[in-house]
There are 2 protein chains.
Amino acid sequence: MKPNIHDVAKIAGVSSTTVSRVLNNRGYISEKTKEKVYKAMEEINYFPNDLARSLFNKRTNLIGLIIPNSSNPFYGELAFHIESICASLGYKLLLCNSLNRIDKEEKYLEMLIRNQVDGVVVVTYNRGILNYEKQNLSVVAIDHYLSKNIPVVGSDNYGGGKQATELLLMKGCQYIVHINGPIELQTPANLRRIAYEDVMKEHGRLPITYEVSPHQNHQEVISKLFDEHPEVDGIFASDDLIAASVIAESKKRGKDIPTQLKVVGYDGTEAVQVILPELTTIQQPIDLIAKTAIDILLKQIEGEFNNFPFETYLPVKLLEGGTT
Amino acid sequence: MKPNIHDVAKIAGVSSTTVSRVLNNRGYISEKTKEKVYKAMEEINYFPNDLARSLFNKRTNLIGLIIPNSSNPFYGELAFHIESICASLGYKLLLCNSLNRIDKEEKYLEMLIRNQVDGVVVVTYNRGILNYEKQNLSVVAIDHYLSKNIPVVGSDNYGGGKQATELLLMKGCQYIVHINGPIELQTPANLRRIAYEDVMKEHGRLPITYEVSPHQNHQEVISKLFDEHPEVDGIFASDDLIAASVIAESKKRGKDIPTQLKVVGYDGTEAVQVILPELTTIQQPIDLIAKTAIDILLKQIEGEFNNFPFETYLPVKLLEGGTT
DNA sequence: CTGAAAGCGCTTACAG
DNA sequence: CTGAAAGCGCTTACAG
């Protein structure tokens, strides 16, 4: 059996109240008593049970993170930063991979509520889900609007889309196509598309956007794009994985990059930078996004509801590689 | 305030014992009572507090996962599979990114113990850490020996190393070099190196292995390799990220792949397959590794200590792409 | 079929 | 400076 606070008390020859006080460093305790208690704890290898503490305190220091899939480098890196920041602040992270499935998301959310998490960070496509608000749970969303009451943190999608498109124009591309996720999702990432379309129109060009669905093979759509627009000489893909697929298709068709086709992605994760360093991309400040999201979440947890912006868009950075 | 079981009982007009029985579907309860209770729960939006349950049951259904860094596609994908399997079995996952730092690992382990996890899955480089055994905690390791008592699950590293080396030989490479992590770590991944060296010797070749340290820029070591062995025409890298760096360096030097240099990696994650589909690699069955590790962990948790192998090496698969 | 009581391992007023 | 008691939200013998 695991030792409990009473075992420690018995060995130290004090009451469990005193042991608790030593543990929490609260109230006045004589040095001698402290030492006895510490020695006893070490002797029997005692670790306090956080379940019991949390039950009493009504505070678990537990944060839930719902992402589509940590296999995707962007979410994997986001999870890393969020977890690291949480750990440094004494919070623990419950990881949930929703695969963007609404049924899974609902189940996870209920699980998190049952486990009394102090707050939830959500990267999800599904809106209006299971009373995110009804439970008066602290929630922060990353790159997705969930409701009027849930703050959103993300990168400057409009600025990023603008930079990407302008870069392709500046490099002399005549026929620029954009690839993005489904427009129905109404994510801030749609701003990348809107920026593309705005810039194109500004320059008197016709914007053309192809849609791919998340977590699905993009190859088919991309192949169609090449078939329908053989003149394409610039592609702005709304994430790096799509950009990589474009590069692969281009190679397959013997279309040289960057001379015949220039490609810009979006995300700029560490992994992609190592694996495909030549990819030109708009890099999101993933660490900053994580930091900001946690900041806002903790403010909510502490009961401050007006001390943070409802929307935060952090600056992106153009990483120019060989694909432009 | 969140409603508790007594609130439900009051509304349903029964005792909290009865509510608990309905919740746990234990003992005999009349249909009428059940309905009343369910209605009451819904009415006040009641969710049971798993903290209190766990405290009583001495079972949290919580699993800890310690990995170096979920930004790395291999660990990100592993975390995805482990979490998914856990979720399907009613377990929840506490994510820990150790960055391979022993101090962080120790802190995480203590955190997990305090949170009463039922078991821990560990992917770590540090051996003999904080009484992994002393706490009689259920533990399973992935791809790393931790101690005589901790079961290990991984891919068939020797077989994979053999396949990779033999492929390069078969393709006619005359001068094959291997890149691996530090030998001191004594991970099963060292078997990839041993396999390479064995095969080389079998064929009367001189094995040459360069070492890179994890989570550090590999470019320097790789550059040195190219300088010191300009004749190199085959490289077996012990993971895909190293392989990608080799490809980048090769491009930089104008050495054509695959005509002048052939490259084989190891891991074969989904992400790398999308981002760099042309990479020839030895693919680990990450889903199977996750499944097997959880199986073994759950057996330990259930008290079966002899019903599983101490070491499990799952079959790998050669994915041949354009780099060979 | 249902309820009162004790207890899981803690912490915090309240006394002293 | 220290301890006895009550309670966090559950569950499970034990009665009835």
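Chain A is the first sequence line, chain B the second, and so forth, proteins listed ahead of strands; every chain is numbered from 1. All of these numbers come straight from a predicted model, not from anything done at the bench.
Every residue was checked against the salt bridge (Lys or Arg N to Asp or Glu O under 4.0 Å) condition with B/Lys10, not counting sequence neighbours, and none meets it. Residues meeting the side-chain hydrogen bond (donor to acceptor under 3.5 Å, both in side chains) test with A/Glu302, sequence neighbours left out: A/Arg59. Legend: residues meeting side-chain hydrogen bond (donor to acceptor under 3.5 Å, both in side chains) with B/Ser71, ordered by chain and number and at least two apart, are B/Asn69.
At the heavy-atom level, B/Asp50 lies nowhere under 4.0 Å from the strands shown.
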**Asked** For DNA chain D, what string of dots and brackets results from 5' to 3' when Watson-Crick and G-U pairs need both distances under 3.5 Å, crossing pairs get [ ], and pairs with another strand get |?
**Response** |||.||||||||.|||
**Message:** Under the criterion salt bridge (Lys or Arg N to Asp or Glu O under 4.0 Å), I'd like the reasoning laid out for B/Glu43 against B/Lys39: C-alpha separation, chi angles, the key distance, then a yes or no.
**Reply:** CA-CA 6 Å; B/Glu43 187 183 329; B/Lys39 207 172 296 174; over 6 Å; no
**Item:** Stepwise salt bridge (Lys or Arg N to Asp or Glu O under 4.0 Å) test for A/Lys107 and A/Asp103
**Value:** CA-CA 6 Å; A/Lys107 270 194 191 162; A/Asp103 57 324; 5.9 Å; no
Could you list, one pair per line, each protein nitrogen or oxygen that sits under 3.5 Å from a nitrogen or oxygen of nucleotides 2-4 of chain D, together with the distance?
{"unit_1": "D/dT2", "atom_1": "OP1", "unit_2": "A/Ser30", "atom_2": "OG", "d": "3.4"}
{"unit_1": "D/dT2", "atom_1": "OP1", "unit_2": "A/Thr33", "atom_2": "OG1", "d": "2.5"}
{"unit_1": "D/dT2", "atom_1": "OP2", "unit_2": "A/Ser30", "atom_2": "N", "d": "3.2"}
{"unit_1": "D/dT2", "atom_1": "OP2", "unit_2": "A/Thr33", "atom_2": "OG1", "d": "3.3"}
{"unit_1": "D/dG3", "atom_1": "OP2", "unit_2": "A/Ser15", "atom_2": "N", "d": "3.0"}
{"unit_1": "D/dG3", "atom_1": "OP2", "unit_2": "A/Ser15", "atom_2": "OG", "d": "3.1"}
{"unit_1": "D/dG3", "atom_1": "OP2", "unit_2": "A/Thr18", "atom_2": "OG1", "d": "2.6"}
{"unit_1": "D/dG3", "atom_1": "N7", "unit_2": "A/Arg21", "atom_2": "NH2", "d": "2.8"}
{"unit_1": "D/dG3", "atom_1": "O6", "unit_2": "A/Arg21", "atom_2": "NH1", "d": "3.2"}
{"unit_1": "D/dG3", "atom_1": "O6", "unit_2": "A/Arg21", "atom_2": "NH2", "d": "3.4"}
{"unit_1": "D/dA4", "atom_1": "N7", "unit_2": "A/Thr17", "atom_2": "OG1", "d": "3.3"}
{"unit_1": "D/dA4", "atom_1": "N6", "unit_2": "A/Thr17", "atom_2": "OG1", "d": "2.8"}

Hey, what are the protein-to-nucleotides 7-9 of chain C N/O distances that come in under 3.5 Å?
{"unit_1": "C/dC8", "atom_1": "O3'", "unit_2": "B/Lys58", "atom_2": "NZ", "d": "3.0"}
{"unit_1": "C/dG9", "atom_1": "OP1", "unit_2": "B/Lys58", "atom_2": "NZ", "d": "2.5"}
{"unit_1": "C/dG9", "atom_1": "N2", "unit_2": "A/Ala52", "atom_2": "O", "d": "3.4"}

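With respect to the salt-bridge test (charged N to carboxylate O, under 4.0 angstrom), the residues B/Lys34 and B/Glu31 qualify. Electrostatic pairing of A/Lys291 and A/Asp287 does not count as a salt bridge here, judged by no charged N lying under 4.0 Å from a carboxylate O. Salt-bridge formation is not detected for the pair A/Glu105/A/Arg101: no Lys NZ or Arg NE/NH1/NH2 atom is positioned less than 4.0 Å from an Asp or Glu carboxylate oxygen.
Remark: the B/Thr33 side chain and the B/Ser30 side chain contain an N/O donor-acceptor pair separated by less than 3.5 Å.
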